[in-house]
Amino acid sequence: MKRPRKGELSHHWALDPETTFLNHGSFGATPSVILEEQSRFRTLMENDPVRFFEREYLDLWDEARRTLSEFLSADINGMTFVSNATQGVNTVLRSLQLQPGDEIIVPDHSYQACWNAIDYVTERSGAKTVVVEIPFRVGSPQDVIDIIMGAVTDRTVLALIDTVTSPTGMRMPFEELTAQLQSRGVDVLLDAAHGPGIVPLNLSLLAPAYCTGNCHKWLCSPKGSAFLHIREDRKHLIRPLNISHGFSYEGEAQEKFEFEFAWPGTQDPSAWMCIPKAIEYLGELVEGGWPRIMERNHTLAIEGRNIICEALGTTPPFPDSMVSALAAVEIPTDGEVGPMSLEGDPFHNFLLDEYGIQVPVMPWRHHGVRYIRISAQLYNHVDEYRYLAKALSESL
Ligand SMILES: Cc1ncc(COP(=O)(O)O)c(C=O)c1O
């Protein structure tokens, strides 16, 4: 079958020309130039690993932190790196001293790994996970706000709020939620795994107690580049997952914070170091820079969503304003919906094997539904969603 056209910027990526890649959302995809930059850092490190870690590492770490903080309008003193958003969420949750009866809110669109981390810490401390049920089909962001705020009690200490949800591709009204929850005394742990580069983020204005996010998704930096930002008044509560050399450091508090997070033990830090280049390089690919990239991907995701809704004989589940560059729709399912597996849903595998389409199909047992989720990134073209629609019409 003739492959659909790709976006005109697709040559910047090393994606397989034989695959229609509609899943930027799961692991991102990194342009070749950024991968070359990562090789350059690795070569620098391997030329003399001791010199690299003693003399070059901290400046590079700091420069990456500074650039990302500027991009997110964040206080650099609260910014640090982690390997992925799962680690950022775990770092916060496993640091907090929960009391029996404390409640943590988790909406039922949340990423299962992060939800599991909440269950882990509430189970071990006698606290309670409060799962907030939010329908997939909602009329407005206000519906979501009302449901979540309705779950707050005087025992609520924390809420996990996504910027954009994973299984359902819903852009959450996270700005309003953060403001309202925190004004009720509930700290927000903002899961911005789909954050930088997909939705505008101003961490100084939002001021969540905690925010973790991936750069390896929508900023397209190499895998393993993620951040954790902790608000000044909460920094004393949080320790890195790895207790390392910084723990016994006796200097000033900010220096200790940086030492503890900058040295989790020996590892390859090159992915973090590529964040500045990724921000600069992608930002220059499109006139208008990042605001225009986000707008362009949003428009394409809506177009793609309309095309597949038509093929599936369904309607868009929520307003366009609640879509970012990810969009999900239910697909017909017979029988019970089981948990997600590492091997992938059979229909996802079918689309890849028979049509060469890489698109996630997510069984979401909390809703009893399977969702198919498209992504829109600069390398995509609207023809690719038409091709998916044809495959769906032929096979469902
Ligand atoms: C909403 C959300 N949170 C957390 C994660 C975890 O990201 P990572 O696998 O990089 O830790 C994802 C991954 O897709 C996600 O979509």
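Both ligands and their constituent atoms are indexed starting at 1 by order of listing.
Residue contacts with ligand 1 include Cys114, since one or more of its heavy atoms lies under 4.0 Å from the ligand.
When non-hydrogen atoms are compared, ligand 1 lies under 4.0 Å from neither the backbone nor the side chain of Ser110. Only the side chain of His216 comes within 4.0 Å of ligand 1, judged by heavy-atom distances.
Residues Val369 and Val337 have side chains not in contact (no heavy-atom distance under 4.5 Å, counting atoms from C-beta outward). The closest side-chain heavy-atom distance from Met79 to Phe227 is below 4.5 Å.
Between Trp218 and His194, the ring planes lie tilted relative to each other; the angle falls in the 30° to 60° range.
The shortest N or O to N or O distance between Gln87 and ligand 1 is not below 3.5 Å. Polar contact check, Lys217 against ligand 1: a nitrogen or oxygen pair lies under 3.5 Å apart. The shortest N/O to N/O separation between Ala85 and ligand 1 falls below 3.5 Å. For Thr86, a nitrogen or oxygen atom sits less than 3.5 Å from a nitrogen or oxygen atom of ligand 1, counting backbone and side chain alike.
In this comparison of Asn90, Val82, Asp191, the heavy atom closest to atom 1 (C) of ligand 1 sits on Asp191. With distances taken over non-hydrogen atoms, the option nearest atom 7 (O) of ligand 1 out of Asn214, Asn84, Val164 is Asn214.
The protein non-hydrogen atom at the shortest distance from atom 2 (C) of ligand 1 is Ala193 CB, 3.4 Å.
With hydrogens and angles left out, the side-chain atoms of His11 and Tyr379 include no donor and acceptor closer than 3.5 Å.
Judged as a side chain to side chain donor-acceptor pair (under 3.5 Å), the pairs with a partner in residues 299-312 (not counting sequence neighbours) are, in order, Arg305-Asp320.
Residue contact check: Asp162 has heavy atoms under 4.0 Å from atoms 1 (C) of ligand 1.
In this structure, the side-chain contact (heavy atoms from CB on, under 4.5 Å) partners of Met294, at least two apart in sequence or on a different chain, are Pro200, Trp290.
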task = Please lay out, stage by stage, how Glu46 and Arg42 fare under the test salt bridge (Lys or Arg N to Asp or Glu O under 4.0 Å).
result = CA-CA 6 Å; Glu46 294 309 329; Arg42 285 183 167 146; over 6 Å; no
task = Using the side chain to side chain donor-acceptor pair (under 3.5 Å) rule, take Arg3 and Thr20 through it: C-alpha gap first, then chi angles, then the decisive distance, then the call.
result = CA-CA 8 Å; Arg3 298 234 63 85; Thr20 296; 2.9 Å; yes
